[in-house]
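Since the structure comes first, as C-alpha cells, the remarks are kept for the end.
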Amino acid sequence: MIDRGDTAWLLIATALVLFMTPGLAFFYAGMVRSKNVLGMLMQNFFAMGLLAVLWVVIGFSLAFGNFGDGGWIGNLDYFGMANVGQTATTLGAGGWMADGKGMTLTIPFLLFAAFQMTFAIITPALITGATADRFKFKAYVVFIGAWLILVYAPVAHWVFGGGWLAKLGALDFAGGAVVHINAGAASLAIVLVLGKRLGWPKEQMHPHSLPWTLIGAGILWFGWAGFNAGSALAADGIAVQALYNTFVAASAGMLGWLLVERMKDGKPTTLGAASGAVAGLVAITPNAGYVGGMAPVFIGLAAGIVCFLAIQLKFRFGYDDSLDVVGVHLVGGLLGSLLLGVFASKVYNPAGADGLIEGDLTLLKNQAIASISVLVFSFVVSLIIAKVIDLLMHARVDETDEEIGLDLSQHAEAAYSD
Amino acid sequence: MIDRGDTAWLLIATALVLFMTPGLAFFYAGMVRSKNVLGMLMQNFFAMGLLAVLWVVIGFSLAFGNFGDGGWIGNLDYFGMANVGQTATTLGAGGWMADGKGMTLTIPFLLFAAFQMTFAIITPALITGATADRFKFKAYVVFIGAWLILVYAPVAHWVFGGGWLAKLGALDFAGGAVVHINAGAASLAIVLVLGKRLGWPKEQMHPHSLPWTLIGAGILWFGWAGFNAGSALAADGIAVQALYNTFVAASAGMLGWLLVERMKDGKPTTLGAASGAVAGLVAITPNAGYVGGMAPVFIGLAAGIVCFLAIQLKFRFGYDDSLDVVGVHLVGGLLGSLLLGVFASKVYNPAGADGLIEGDLTLLKNQAIASISVLVFSFVVSLIIAKVIDLLMHARVDETDEEIGLDLSQHAEAAYSD
Amino acid sequence: MIDRGDTAWLLIATALVLFMTPGLAFFYAGMVRSKNVLGMLMQNFFAMGLLAVLWVVIGFSLAFGNFGDGGWIGNLDYFGMANVGQTATTLGAGGWMADGKGMTLTIPFLLFAAFQMTFAIITPALITGATADRFKFKAYVVFIGAWLILVYAPVAHWVFGGGWLAKLGALDFAGGAVVHINAGAASLAIVLVLGKRLGWPKEQMHPHSLPWTLIGAGILWFGWAGFNAGSALAADGIAVQALYNTFVAASAGMLGWLLVERMKDGKPTTLGAASGAVAGLVAITPNAGYVGGMAPVFIGLAAGIVCFLAIQLKFRFGYDDSLDVVGVHLVGGLLGSLLLGVFASKVYNPAGADGLIEGDLTLLKNQAIASISVLVFSFVVSLIIAKVIDLLMHARVDETDEEIGLDLSQHAEAAYSD
Amino acid sequence: MKLITAIIKPHKLDDVKDALKVAGVQGMTVTEVKGFGQQRGHTEIYRGAEYQVDLLPKTRLDMVVRPEDVGQVTGVLVEAARTGKIGDGKIWVTEVDQLIRIRTGELDADAT
Amino acid sequence: MKLITAIIKPHKLDDVKDALKVAGVQGMTVTEVKGFGQQRGHTEIYRGAEYQVDLLPKTRLDMVVRPEDVGQVTGVLVEAARTGKIGDGKIWVTEVDQLIRIRTGELDADAT
Amino acid sequence: MKLITAIIKPHKLDDVKDALKVAGVQGMTVTEVKGFGQQRGHTEIYRGAEYQVDLLPKTRLDMVVRPEDVGQVTGVLVEAARTGKIGDGKIWVTEVDQLIRIRTGELDADAT
Ligand SMILES: Nc1ncnc2c1ncn2[C@@H]1O[C@H](COP(=O)(O)OP(=O)(O)O)[C@@H](O)[C@H]1O
Ligand SMILES: Nc1ncnc2c1ncn2[C@@H]1O[C@H](COP(=O)(O)OP(=O)(O)O)[C@@H](O)[C@H]1O
Ligand SMILES: Nc1ncnc2c1ncn2[C@@H]1O[C@H](COP(=O)(O)OP(=O)(O)O)[C@@H](O)[C@H]1O
C-alpha cells in the first residue's frame, strides 16, 4: 500500500540526492586550478547525463533484479524499466530474507528505482576528485559507463539488492560500502593507471576558489539528508534517526578535522571545515539508521581525525589522489562501516543488529568481510577497466593538453572571462 | 479532504519552484559579460518581488477564477486572495469537465495558489535571457507586470484553469505551452522591438563565468522536480511518474545536445551539457505525468538535438535572442507539446489521453492547435505591449549605458570588486 | 501518533533550515572584501559544526526541558539526547498551557529536536554579519558557544519552550524575538566591544562579489519556507498559511526597499533587492502562522521601507554594524513582532490570538513586552560575554592581521587563486 | 628599439589590434589596468552609501618596435583608438637599449 | 617628458592618489601587480600541505610628467606611500621620447 | 640603473624566480598580462559559435638592476624561461634615471 507521506518524503529525497552531484561538482571544482574548472564540472554533470540513462535501461535491473537472491548480480527483469510501475510492491518475498516476507515498499516501485538512480549517478562521480586535471574526457566517459555496469551494479546487488553480503548479515544503511568504499577503491586503482599530475607534488596547486568548494559542501550536506534519511524508504522514526545522525556526524566531523589541523598546522582552515564535514557524512552513511544517542558525535569526530591523517598517505606512498577521494571516501567509508559493528543497536532500529557496544562481535566481523570484499572487488575490476581503456585510447590527456588545462583542451571553453 | 502527505509534497514543491528563479538568474548571469551580471540577476530577482505581489492581488484570480468555464479568462472571485483559504476545495465542479466533478484538491486551496504563484514568477523571468544586456530596467518592470496580466493569466486560464484549450482536450502537464511556448514566443516578439545588442553578432561575447551557469543549471534541474512532479498536486503515482520522466529526460537531453555538438564543433562543451539538460527539461514539461517507460529518453534526446540546431536560427534570421530563449524554450516547448501527442498513454495516467503511439491522432491535433494558439497569442500581445512601452519610455538603454553595462548604468553597482 | 505526512514535511523542513546557514554565509561573504571572504564563510560553517554538537549535548535540554513551566530555563532531562526518541510525545501537558493538554507532537520527538537544532545554528550565525572583518576566530568560537548556552537557550525556553513569555501570551511563530531580535541585540552589543573596522566609515568597502550575496539570498529565501512553514510542526493549513505569508512578505519587502532606495539614491540596486527580501522575511517570521490575506504584503512593504531607513542609523550613531544585522534583524524583528500585535487574527489560526485589527490591544502589549525583554536580556548578557572574552584573549584581531585580512591571518588560506 | 606604450579604452582593443596587425606590428603585450584622468568616473551605491569611483577600466598595450616604425605605429594607434570622447587615453614612447627573443636569443629588430 | 613608475602597498592607493592630485598630477594608470622583495610572504595551508607564498599584492602606478615636476612628484609619492615598514615599494623614473593624447593628438606637456 | 622587462610563459614563473634569486636579484614586480605574437591562439566554442582567441596568458616581470648586472640577469632569464617553443617571450632593457626605495628614500643601487 502506498503511503503518501512516505511518497512525499522519497520524492524530495530523490531530488535532494540528485542535487548532490552538482554540489559535488562544485566541492571539487573549487579545489582545482582555474584551467581545469570546467573539466571537473563537466565530468560530474556528464555523469548525471550518461548514468541516468544507463541506469534506467539496464543498471537498475542488474542491481535490483532477482532481489533477495543472496547472489552476485541481478537479472534483466527490469530491463528498460519493464515491470517497474507506479504501484508499491514487495521485493524478494520468497528469498532468504529473515521474515520470509522480503522488503515491502510503501512507495511506488518506480520511485524506488528513481531514488536508486541518484545513487548510481553520484557514486561514479565521486571518482572525479581523484583523477582531477588529467583524465581524457572520452576515456572518462567510457570508464564511468563501464564502471556502472561492471562494478556498481553488482556491488549494489550484493548489499542493497539482497545479495550475498546482505544475506551474510552485513549492514549498510545508505552506502558506506556500496558508495564510499566502492568509489574510493576505484579511485585508487585509476590514479595508479593515470599517474601523477605534471608537477605533483612539487608544484603548488592551490584551490582556485574556495567559495565554490564551500557552497558545494553546503549543497552536499543539505542533500545528504535525502541520501541517508531517504534510505529509510519511509517518513518514519528510522528516517528521523538517520537525519539526526547525519547532521550531527557532519558537525562532529568538522570539529574533529579542525582540531587535529589546528594542532598540526597551527590554523583551522575553511577547506578543513568542509572536508571534515564531508568525512563525518561519509562515515555516518552506513550507520545512519542503525545508531543513535551520542554515537554520531563519536563517529563524526573519529572520521574527522582519521581522514585528516589519511590524506597524508598519498605523500608517503606517492599516488596522486588529487582531491583526496581515497583519504576521505575509502578511509571514511571503511571507518564508518567498521564503527557500525561497534555502535549498532536494536534500540534504534529493531530491523538492524547489535554491535560490540551491545556485546555482540558478529556484526563487526560481517562488516569487515563486507568492507574488504567490496574494496578488493572494486579495486581489481576498476584497475582492469582502466588498463583496458588506457590501452585502447590513452586514458590520460597528452602533456600539452594538461598544461593548457582540461577546459580548453577537452571542451574548448574558458571558465572565466570578462 | 486534505491529505497531509500530498500537502507535505506540495509545500516543498512550491519552495522548489520558487528556488528555480534564482537558479535561472544564475544560469543566465553566467552567460553574460561581467558588466551585465547584476542587470541579469536583478531582473530575475525583481520578478520574484513584483510578480508574487501582482499574483496574489489579481493574477491568480484572472487565471483560476471561473475555473472550468471553458473560456478565455478568469474573474475577480479571488481578488486579493478572497475565498482562497486553508481548506481543500473542488474547482469547476459544474463545468464541462469530463466527470462533472471538476478538480478536487487534497491540499489547501491556498497552497494551490502559492504553487501556481511560483509558475507565474518564473515564466516571465524566462524572457530575461532573450533581452539580456539592453533592456532598460524601468521598461522591463512595466513589461513583465503587464505581461503577467495580459498574457500569462489568460493563457494559464485556457489550459490550467479549465479554459477553452483544456476543454478542447489539449494536455499540458506542467506548462509546455503555458510556460515555455508562451515565454519563448514573447521573447521573440520583444527582441524584435529591442533590436540587437551593440556589436552582435560580430563582437565576441563570451560567457563571463560558466560556473555560475552550471550552478544555475543544477538548481533548475533540482527545482524542476517540484515543477513537474508538483503539478500532480499530490504525492501519488503520477507525481512519481513525473519525477522519473523529468530526471531521465534532462539526462537524455544532455546526451542529445552533446552528441550533435561533438559532431558539429568537435568538442562537447560544459555549456552544451547544461543547455541540453534544460532543453530536455523543457520538452518533458508538458509530458511529465502522461508518458512513461523509455519515452522520456526519446523525448529528451530529441529535445537536445533539435534545440541545438534551433539556436543557430538566430544567426540565419538575424534576431538577437541573446541567450537562446527562443531556441530552447519556444522550440523545446513546441517539440515537447507535439511529442506528447505521440507518446501519451493512459497506461501511465488514466486521466490523460492516448497519443499516436497508442493509435490515436486526436491528441496530436489538439496539441498542435494549443501550441499554435498560445504561440500566436503570446507573440502578438507581447509585441503590442513592447511597442507601447517603447513608445512611452524607450524600452532599450541608450548606447553609452549599454557600453558601460547594465550593472553600473541601471543599478549603480559593480558585480565584482576586491 | 506519528503522522507520516507531517514527518515528511518536517524532515525536509529541517534540511531546508540547515541549508540556510550556508546561504547566510554566502549572503554575507559576497558583501565583504575579498581578503575576508573565507573568514566569513568559516564563521558560518563553523557554527554548523560547534553549535549542533553543543545543542544535542546540552542546548536542547536547556531550551526545551521542563517544557511549559512558564519559567526561565529548561532542565537537564534531555542532556545528551536522553529521553528524546523516535516516538511522538506530548510536551508540557501538566503546565499552565491553555487546554491543559500541552503540545502534542505528530512527529518523532527527535525530529523536533533536530528541527530546533537548525534554529540554534543559524541564530548565532546571524551575528557574523555585524562583526565582519575583525573578529578573532578563537574569540568567535568561544563567543558563540557561550552565547548559545547563556542567551539562546534561555530565550528559546521563554518563548518556544513554554516559558514565561509564552505563558504571558506573547506570540512568536518562528522566531521574530527568539531569532531576530535576539541576534540583532547581541550584534549591537558585540560591535560596541569590538569597535569599528579600520578605515570605517571613510574608506570604501565595496562588496567583493554581489553574485555570492544574491545566491545566498536565494538560498535563504528557499530555506525560509522550512523555517516558517516548518514551525507549524505539521503539513497542515497553518503550514500552508505560513508558506504563503513568507513568500509574499519577502516579495513585498523587496518592493518596499527598492521603492525608497529608488527615491533616495536614484537607482534600485541588486543588493537592495536582496536586502529588502531578507527584511521582509525577518518581519514575517513571528507572523507567519498567525496572519493572512493581504497582511503579508503590508508587513513586507513596511519591513522593506523601515529597514532601509534603519541601516542608516549606524552612520548617525557611529557603531560599525558591518553588514547591517542591527538594521535588518533587530529592527525587522521588532517591527514584525509588533505588527503581529496588529495583524494577528484567529481567522487564520484559532490557536493564535486577535490583534489590533480585530479590535484587541492585549496582544500588541504582550508583543511589546516580549520584544523589549528579549532585546534587553540579549544585549546585556551578550555585552558581558563579549567583554569577558575581550579581557581574556582580545576579541579582535590585531591591526596587521586586519589589514592582511581574516583569510590569511586566521585561516592561512586565500579565497581565490589561479 | 623603441617601446610604445598605449592606454586605450577596453572596447577599442579589437579594432586597435587589427589595425596594428595590418600596420605590420608582430607582437604586443596587453594588460588590464585602471586609469585616472580627466574622464569623469561614476557613482556606485551600496545600501544607501554612495561611492565615487574615479578609476576606470583601461587597457594597456606595450610593443617594442624598430625606431623607424614609431611614427607609423603611433599614427595607426591614434587613429584606431580614437573615439573623440574624453578618456581615449595616451601613448608614450621610450628608448629600449636591447630586445631579446627568449626562444632564440635573437636581438633587437630580429627579436620583434 | 618623464615616466614615473611606483610600486606601492595597495591600501595606500587612496592616500597616494589624493596627494598626487593635490600636487597637480592630472592623470595616471594603475595596475594590480604582485611584488617580490625583502618583505616576507606568508604561509598558506591546504589539507595539511603548507605553501610558502612570496609574491605579495602591490599596486603599480605609471604617470608621465613634465621633467621639471619629477622631483616634486616623487617627493609627494614617497611621503604619501611610506608606512616605514618593509615592503613599502619602489619608484623609478625613465625618459619618455614622446607623449601623445589619443583624443586630440596633442603632444608632450600638452598631453598630460 | 636599468629596467629589465620580461614577458614569459606563466608556468615558467617559479623557475625564473628561483634562478633570479640565485643570480642575486633582490626584488621584482610581477604582472599578469596577455600576449599576442607568433604563437597560435586557440578556439573557444559557445553554443555552436566558434571564437578565435589570439591573446594568450603571459607573465610580465619588471626588475630594476644595476647596469653592470644587466648581462648576467638577462642571461639567467633567457636560460630559465626558455622552453624552445614559440611563445617563450621577450626581454627588453631600458634606461632608468633614478630608483628610489619608498621606505628609506635610498637611491639607485642602494634601493634595489
Ligand atoms: N599623465 C599620465 N600618465 C599616465 N597615464 C595617464 C596620464 N594621464 C592620463 N593617463 C591615462 O589615460 C587615460 C585617459 O586619460 P583622460 O585624462 O581621462 O582622458 P584623455 O586621454 O582623453 O585626455 C587615463 O584613464 C589614464 O589611464
Ligand atoms: N629591483 C626591483 N625592481 C622592481 N621592483 C622591485 C624591485 N625590488 C622591489 N620591487 C618591488 O617593490 C616591492 C617592495 O620591495 P621590498 O624589497 O619588499 O621592500 P622595500 O621596498 O621596503 O625595500 C616588491 O614587492 C616589488 O614589487
Ligand atoms: N614586439 C613586441 N612587443 C612587446 N611584446 C611582445 C612583442 N612581441 C611579442 N611580445 C610578447 O611576447 C610573447 C611571445 O611572443 P611570440 O611572438 O608569440 O613568440 P616568441 O617570443 O617565441 O617569438 C607575446 O605573447 C607577447 O606578450
Side-chain angles (χ1 to χ4, degrees), chain A residues 2-12 14-16 18-19 21-23 25-26 29 37-39 41-42 45-46 48-53 55-57 80-82 85-87 107-108 110-111 113-114 117-118 121 137 141 209 212 215 219 235 407 410-418, chain B residues 3-10 12-13 16 33-35 106 206-211 214-215 217-219 221-223 225-226 229 234-241 243-244 247-248 250-255 258 265-274 276-277 292-294 296-297 300 348:
Chain A
I2 286 179
D3 180 288
R4 293 197 170 200
D6 292 347
T7 303
W9 171 233
L10 264 289
L11 281 167
I12 180 61
T14 302
L16 281 170
L18 185 98
F19 194 38
T21 300
F26 282 95
V37 178
L38 298 179
L41 294 176
M42 183 66 163
F45 275 81
F46 188 78
M48 299 172 75
L50 180 66
L51 302 178
V53 172
W55 184 253
V56 302
V57 172
M81 287 286 115
Q86 294 175 14
T87 50
I107 56 168
L110 184 62
L111 181 52
M117 176 178 84
T118 59
I121 290 170
F137 185 66
V141 169
S209 171
W212 285 129
I215 206 165
I219 293 173
D407 298 7
Q410 304 299 295
H411 309 297
E413 294 175 298
Y416 306 107
S417 170
D418 276 330
Chain B
D3 181 287
R4 293 197 170 200
D6 292 348
T7 303
W9 171 234
L10 263 290
I12 180 62
L16 282 171
R33 288 162 293 169
S34 61
K35 62 183 179 182
T106 56
H206 297 197
H208 92 286
S209 171
L210 285 173
L214 271 278
I215 206 165
I219 293 173
W221 198 327
F222 174 52
D236 59 5
I238 304 296
V240 168
Q241 189 69 57
L243 184 89
Y244 162 82
F247 284 167
V248 172
S251 298
M254 183 194 292
L255 297 186
L258 292 178
D265 299 327
K267 304 264 184 192
T269 68
T270 325
L271 181 58
M294 289 296 107
V297 175
Y348 302 107

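Looking at A/Thr87, neither its backbone nor its side chain comes within 4.5 Å of chain B, counting heavy atoms on both sides. Residue A/Ala29 does not touch chain B at all, counting heavy-atom pairs closer than 4.5 Å. Only the side chain of A/Val37 comes within contact range of chain B, with heavy atoms under 4.5 Å apart. Of the two parts of A/Ala235, neither the backbone nor the side chain holds a non-hydrogen atom closer than 4.5 Å to a non-hydrogen atom of chain B. Of the atoms belonging to A/Leu18, it is side-chain heavy atoms, and not backbone ones, that fall under 4.5 Å from chain B. If you measure heavy-atom distances from B/Pro296 to chain A, you find no contacts under 4.5 Å at all. For B/Leu16, the part lying near chain A is the side chain, with the backbone staying farther off; criterion is any non-hydrogen pair under 4.5 Å.
Residues B/Ala273 and A/Met42 approach most closely at CB-SD, 3.8 Å, considering heavy atoms. Closest of all the heavy-atom pairs between B/Pro211 and A/Leu38 is CD-CD2, 4.4 Å. Summarising the geometry of B/Met254 relative to A/Phe45, their closest heavy-atom pair is CE-O, 3.1 Å, with the distance given to 0.1 Å. Of all non-hydrogen atoms in B/His206 and A/Ser417, the two that sit nearest each other are CB-OG, 3.6 Å. The shortest heavy-atom contact between B/Gly5 and A/Ala8 is O-CB, 3.4 Å.
Options B/Asp265, B/Thr270, B/Leu210 differ in how many heavy-atom pairs under 4.5 Å they form with chain A, and the most are formed by B/Thr270. Most heavy-atom pairs under 4.5 Å with chain A: of the set B/Ser34, B/Ala239, B/Gly223, B/Gly292, this distinction falls to B/Ser34. When each of A/Ala412, A/Ala415, A/Ala114 is scored by its heavy-atom pairs under 4.5 Å with chain B, the top score falls to A/Ala415. Chosen from B/Val297, B/Ile215, B/Val248, B/Leu243, the residue pairing most often with chain A at heavy-atom distances under 4.5 Å is B/Ile215. Across A/Glu413, A/His411, A/Met81, the residue that shares the most heavy-atom pairs under 4.5 angstrom with chain B is A/Glu413. Per-residue heavy-atom pair counts under 4.5 Å with chain B were compared for A/Gly80, A/Ala25, A/Pro22, and the maximum is reached by A/Gly80. Contact count versus chain A (heavy atoms, under 4.5 Å) is highest, among B/Arg4, B/Met294, B/Lys35, for B/Met294. When each of A/Thr21, A/Thr118, A/Thr14 is checked for heavy-atom pairs under 4.5 Å with chain B, A/Thr14 comes out on top.
Judged by distance alone, the side chain of B/Gln241 and the main-chain N or O of A/Gln86 form no donor-acceptor pair under 3.5 Å. The backbone N or O of A/Met48 lies less than 3.5 Å from a partner atom in the side chain of B/Ser251, making a donor-acceptor pair. Using modelled atom types, no side-chain atom of B/His208 and backbone atom of A/Asp418 make a donor-acceptor pair closer than 3.5 Å.
Take B/Asp236 and apply the side-chain hydrogen bond (donor to acceptor under 3.5 Å, both in side chains) test, not counting sequence neighbours, and it matches no residue. Among residues two or more places apart in sequence or in another chain, the ring-ring contact (aromatic ring centres under 6.0 Å, His included) test is passed with B/Phe222 by A/Phe19.
Here B/Leu271 contributes atom CG and A/Leu41 contributes atom CG; the two are 12.0 Å apart, rounded to the nearest 0.5 Å. Atom CD1 of B/Ile12 sits about 9.0 Å away from atom CH2 of A/Trp9, to the nearest 0.5 Å.
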Check the pair A/Phe137, B/Lys267 against side-chain contact (heavy atoms from CB on, under 4.5 Å), reporting the backbone distance first and the verdict last.
CA-CA 10 Å; A/Phe137 185 66; B/Lys267 304 264 184 192; over 6 Å; no
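Looking at heavy atoms from C-beta onward, A/Val56 lies in side-chain contact with B/Tyr244 at the 4.5 angstrom threshold.
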